[in-house]
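Before any comments, here is the structure.
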Amino acid sequence: MSFGILLQYGFVIGAVLLPLLVIPDLLRTRRSPAATLAWLLGVVLLPYIAVPFYLVFSGRKLPGLRRRHRKAALRLADVGELPPERAGDLDRLLRRLHLPGATGGNRVTLEPDGAEAHRAVCAVIDGATRSLHVAIYILADDETGRDILARLTARARAGVDVRLLIDGVGSMDLPEAALAGLRDAGGRVASFNPLLLGVFRGLANLRNHRKIVVADGVVAWSGGRNFSIDYLRATCPPDCWVDLSFTIAGPAAQLLQEVFWSDWAFASGEAPDAMLPPPLAAGDAVVQIVPSGPDVPGDPLFSALLSASFAARRRIWIITPYFVPDESLMHAWLLAARMGVDVRIVVPQRSDSRLVDLARMSYLRDLQQAGATILLHQGPTLHMKAFVIDDHVAGIGSANMDSRSLFLNFEVTALIYSPADVGRVAALAEPLMGNCGRGIGGGGRHRRPISGAARLFAPLPSRP
């Protein structure tokens with residue numbers, strides 16, 4: 001028998017055996033039916049392409065050993081949770097998903113302007129006297145990134161415990177030399193799930209998208225902004241991206257500290273420090289910190305958003321740069337729109353991802369036909385992530401309204417329950433909506449299959 005015939009037999013046998021390697025895991029792992037079907041078709045029809053991709057990118061939850069290690073790190077100390085009898089429906093739901101309850105006594109300061117955000121994060125960094133812990137997706141080698149690094153280095157030289165955690169993909173363009181000064185000053189740097197290591201673990205698609213800066217465990221900065229000139233700088237020009245970050249003082253800041261410790265323990269292997277002292281009240285905002293992603297059992301942010309959407313009676317406002325939602329959320333929003341709820345979806349006229357822009361069109365078109373208002377933001381790139389549902393809850397944080405953020409990325413969101421603070425988030429959204437075009441066209445017949453195909457691949461690329 002010639003070598004060519006043997007090679008053909010081997011190719012056919014491999015095409016049969018390769019899918020058998022991954023199909024049991026594929027059927028065992030919880031995913032949306034659409035995602036499961038897409039992977040199943042891929043590994044059966046294109047095994048030599050889809051199986052390697054599955055082994056590298058398919059991970060959705062951390063393996064048991066690592067998850068237990070991270071759960072131990074995510075200690076979430078007693079930080080003054082509200083009594084269970086004062087808990088609302090979402091608070092009770094999230095507690096039953098093993099997250100800490102809502103806390104009172106917080107002060108939340110919203111920062112919709114890039115220059116204002118720059119002043120706020122610099123104040124948090126420069127004010128640290130004991131510890132300064134930073135987790136960021138993108139730390140750019142530009143004016144803003146170098147300024148932040150210089151401030152971190154100054155704090156390290158002053159004897160502050162400075163730890164910087166950067167994502168292994170989001171910050172992969174940052175040269176090692178840029179971190180030398182911080183390390184020389186005594187600061188510690190860790191890379192979260194570097195790409196090559198993630199490939200061997202089968203976790204390359206799981207990125208740390210959280211943005212957290214915590215000073216002394218008592219004041220924290222978070223939201224959707226990365227450290228680059230697109231997002232914030234001392235003087236933001238008109239083309240600065242439209243985004244939202246916030247500074248929080250009070251018990252919720254300690255919960256953000258604990259989320260940082262969980263990520264740091266996984267990336268560096270170092271155990272968390274001693275428990276922080278009991279926090280002091282700083283205001284009257286009621287806030288629940290919701291970490292979500294591969295390190296958290298279930299999908300708490302998705303569950304909270306779905307529950308609140310089905311319960312909505314007056315409004316559902318969604319502001320997001322990337323809109324590729326889960327089918328269950330779509331069902332909730334379609335029903336709400338048909339019942340007369342004020343459903344508004346605010347997205348950029350054009351985001352920085354053409355693939356996502358194609359994928360979102362069928363969702364937006366269906367919502368518009370059901371009675372929802374689709375608003376396309378004009379001008380600078382919209383990168384803001386927020387939602388307001390009735391007068392009961394507002395969500396601000398790092399999560400986009402797409403499957404990647406809801407099911408794959410490490411994210412953190414602050415759910416705000418105090419009516420006055422929910423109203424402040426809504427008031428911030430209203431002028432943004434005034435700078436939007438209203439509605440989308442029907443789309444040509446040839447564009448709809450393209451949009452459908454784009455929906456299959458939209459969760460794969462990591463986005464800022």
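Starting from 1, each residue takes its place in the sequence as its number. Since the structure is predicted, the reported quantities are computational estimates derived from the model, not experimental observations.
- Using a 4.5 Å heavy-atom threshold, the side chains of Asn106 and Val286 count as separate.
- The aromatic rings of Tyr231 and His383 stand perpendicular to each other, their planes meeting at an angle above 60°, with 30° marking the opposite boundary.
- Side-chain contact between Leu376 and Cys436 is absent, with no heavy atoms from C-beta onward closer than 4.5 Å.
- For the salt bridge (Lys or Arg N to Asp or Glu O under 4.0 Å) condition, the pairs that include at least one residue of residues 304-317, sequence neighbours left out, are Arg314-Asp391, Arg315-Asp391.
- The residues Asp295 and Arg210 are annotated as salt-bridged, a charged nitrogen and a carboxylate oxygen being separated by less than 4.0 angstrom.
- Under the 4.0 Å criterion applied to side-chain N and carboxylate O atoms, Asp243 and Arg225 are not assigned as salt-bridge partners.
- Residues Ile316 and Arg344 fail the side-chain proximity criterion, which asks for heavy atoms closer than 4.5 Å.
- Residues Trp264 and Arg163 meet the side-chain proximity criterion, which asks for heavy atoms closer than 4.5 Å.
- A 4.5 Å side-chain heavy-atom check between Ile136 and Ile212 finds every atom pair outside the cut-off.
- Few gaps surround CG on Asp142; more than 12 heavy atoms of other groups in view lie less than 6.0 Å from it.
- Expressed to the nearest 0.5 Å, how far CZ of Arg95 lies from CG of Leu90 amounts to 12.0 Å.
- Between Phe387 and Val346 there is no side-chain heavy-atom pair separated by less than 4.5 Å.
- For the pair Val219/Ile248, no side-chain contact is recorded, criterion being any heavy-atom separation below 4.5 Å from C-beta on.
- The shortest side-chain heavy-atom distance between Tyr363 and Met330 falls under the 4.5 Å cut-off.
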